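These notes are about the structure you will find just below.
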Amino acid sequence: MTRILPFRRTTSTVSRLTTAAVLTLAAAIATGGSVDAQGMPPSARSSFIGVADSVQLEVVDWGGEGPTLILLAGMGHSAHVFDGFVPRLTSHLHVIGITRRGVGASSRPKHGYDSTTLVRDLIAVLDSLRLAKASFAGHSFAGSEMSILAARFPERVDRLIYFDSAFDYRQLLDRVGVATALGSPQPPEGTYNRNTVADWTLYAERSSGAGFPESEVRTMFRFGADGIFQASATAPETLRAMVDGIEPAPLTKIRARTLAIYAAPTSAEVMYPSWYAFDDSARQRGRTVYVAVSAEHALQRARFKREVVGSRQVIIMGARHYLFLTHPGEVAHEVLSFMLSN
């Protein structure tokens, strides 16, 4: 089943904050204990779970009553990217987030960024939480992990929800190419920019259409005592290893009930929030990226619908890539309707 929801704007598939993270396809190493991330919902609790020797993952428990839903962020993001969205779900669901290795407050080992290892990390978290099975919702890059998890460990997965992530990312990147994605234009930098948390949050909104929670900005990047940006918390080589380690999605082996929510671009002009500020060269690059990415996304959507038997698709016309941030009400409605259905 495919349902299309009309909205006026469409996804920006890249941003300065996450170009390398999302389309090549942030801050301390975990040491145990709990985390007090500024900007988290009051009910959220953050702790660490060991998944391998010297590797611990940050696990955020937002609480709530009902079936367990585990949220997985896109590449380069931590679970805190969902801090502002989750309160819409916790009246009906028990919601947990996992920050993958190499990102945010989770451990940053030198190895283990291939899809197989990342999926084994998820199984280790389930075991630690004594969850025989759970439902998963993942954004962007997390779609690869969910597809492999459901295909190889079907007994551990109840339902799957893809947030603009129901793609075979190995195939997508091999066909569209990293160079095309990285050609995406970015908005001109403001003269007021001092590289503060507020400045980075505003830039995210201008480039991707979604303002990340303060807790997520503080996790993605390192800021000095003066509040000024110092560096990304995720090493470039870690992101490259994640991209290189993406395995083909075994879509035909997925048996879990599945909902795929897509953001569908309609033109380059609405793909980029700062289109009005682009010069001619930037607009030409934007059109090139739009044509390549939107065509590939259409093929990927069709393949997913064909190969994941019984999957349900919702296409939100005009939603941006971070659709759970740009259209939280619509996404929350679809999630709750799906999770609470028989």
Side-chain angles (χ1 to χ4, degrees), residues 12-23 26-31 33-48 57-60 62 71-88 97-100 102-108 139-141 163 184-236 238-239 272-274 277 320-328:
S12 170
T13 55
V14 288
S15 69
R16 178 186 176 202
L17 299 181
T18 55
T19 294
V22 174
L23 283 183
I29 298 177
T31 56
S34 61
V35 176
D36 181 16
Q38 189 173 350
M40 286 176 60
S43 62
R45 293 180 296 106
S46 188
S47 59
F48 294 97
L57 303 188
E58 182 192 17
V59 176
V60 181
W62 290 282
L71 300 182
L72 304 175
M75 189 185 296
H77 282 287
S78 79
H80 294 289
V81 74
F82 297 109
D83 277 344
F85 172 69
V86 165
R88 294 170 173 81
I98 302 173
T99 300
R100 68 179 57 84
V103 178
S106 292
S107 298
R108 292 178 286 175
H139 176 239
S140 196
F141 169 78
F163 292 159
S184 190
Q186 302 302 316
E189 190 168 326
T191 56
Y192 54 81
N193 181 26
R194 295 185 297 117
N195 275 329
T196 64
V197 172
D199 291 335
W200 277 98
T201 303
L202 178 58
Y203 198 96
E205 197 163 10
R206 293 172 58 221
S207 57
S208 67
F212 304 141
E214 178 183 349
S215 52
E216 173 64 357
V217 175
R218 291 185 180 276
T219 300
M220 290 176 69
F221 306 106
R222 296 193 190 96
F223 295 88
D226 57 358
I228 304 301
F229 168 86
Q230 293 181 330
S232 171
T234 303
T238 295
L239 298 176
Y272 297 96
S274 293
R320 297 187 174 95
H321 182 55
Y322 292 87
L323 70 181
F324 61 93
L325 294 176
T326 61
H327 292 77

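Quick caveat, the model's predicted, so the values are computed rather than measured.
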Taking [Y]'s backbone N and O only, do any of them form a donor-acceptor pair with [X]'s side chain (distance below 3.5 Å, no angle check)?
| X | Y | answer |
| --- | --- | --- |
| E205 | G211 | no |
| S106 | G102 | no |
| D199 | R194 | yes |
| S274 | R206 | yes |
| R100 | L72 | no |

**OP:** Would you give the length of the straight line joining atom CZ of F82 to atom NE2 of H77, rounded to the nearest 0.5 angstrom?
**Re:** 9.0 Å
**OP:** Hey, could you give me the NE2/CG distance between H139 and L325, rounded to the nearest 0.5 Å?
**Re:** 7.5 Å
For a 4.5 angstrom cut-off between non-hydrogen side-chain atoms, does [X] reach [Y]?
| X | Y | value |
| --- | --- | --- |
| Y192 | L202 | yes |
| R218 | H80 | no |
| T99 | L57 | no |
| S107 | F48 | no |
| F212 | Y322 | yes |
| F223 | T196 | no |
| E214 | T201 | no |
| M220 | S232 | no |

Please name the pair of heavy atoms, one in [X] and one in [Y], separated by the smallest distance, quoted to 0.1 Å.
| X | Y | value |
| --- | --- | --- |
| A73 | V81 | CB-CG1, 3.9 Å |
| D83 | S215 | OD2-OG, 2.5 Å |
| G84 | P213 | N-CG, 3.9 Å |
| M75 | L239 | CG-CD2, 3.7 Å |

**OP:** Could you list the residues that satisfy side chain to side chain contact (heavy atoms under 4.5 Å, CB included) with R88, not counting sequence neighbours?
**Re:** F85, P328, A332
**OP:** For A44, check side chain to side chain contact (heavy atoms under 4.5 Å, CB included) against everything at least two apart and list the hits.
**Re:** M40, P41, V60, W62
**OP:** Would you check if there is a donor-acceptor pair between the side chains of H321 and S208 at a distance under 3.5 Å?
**Re:** no
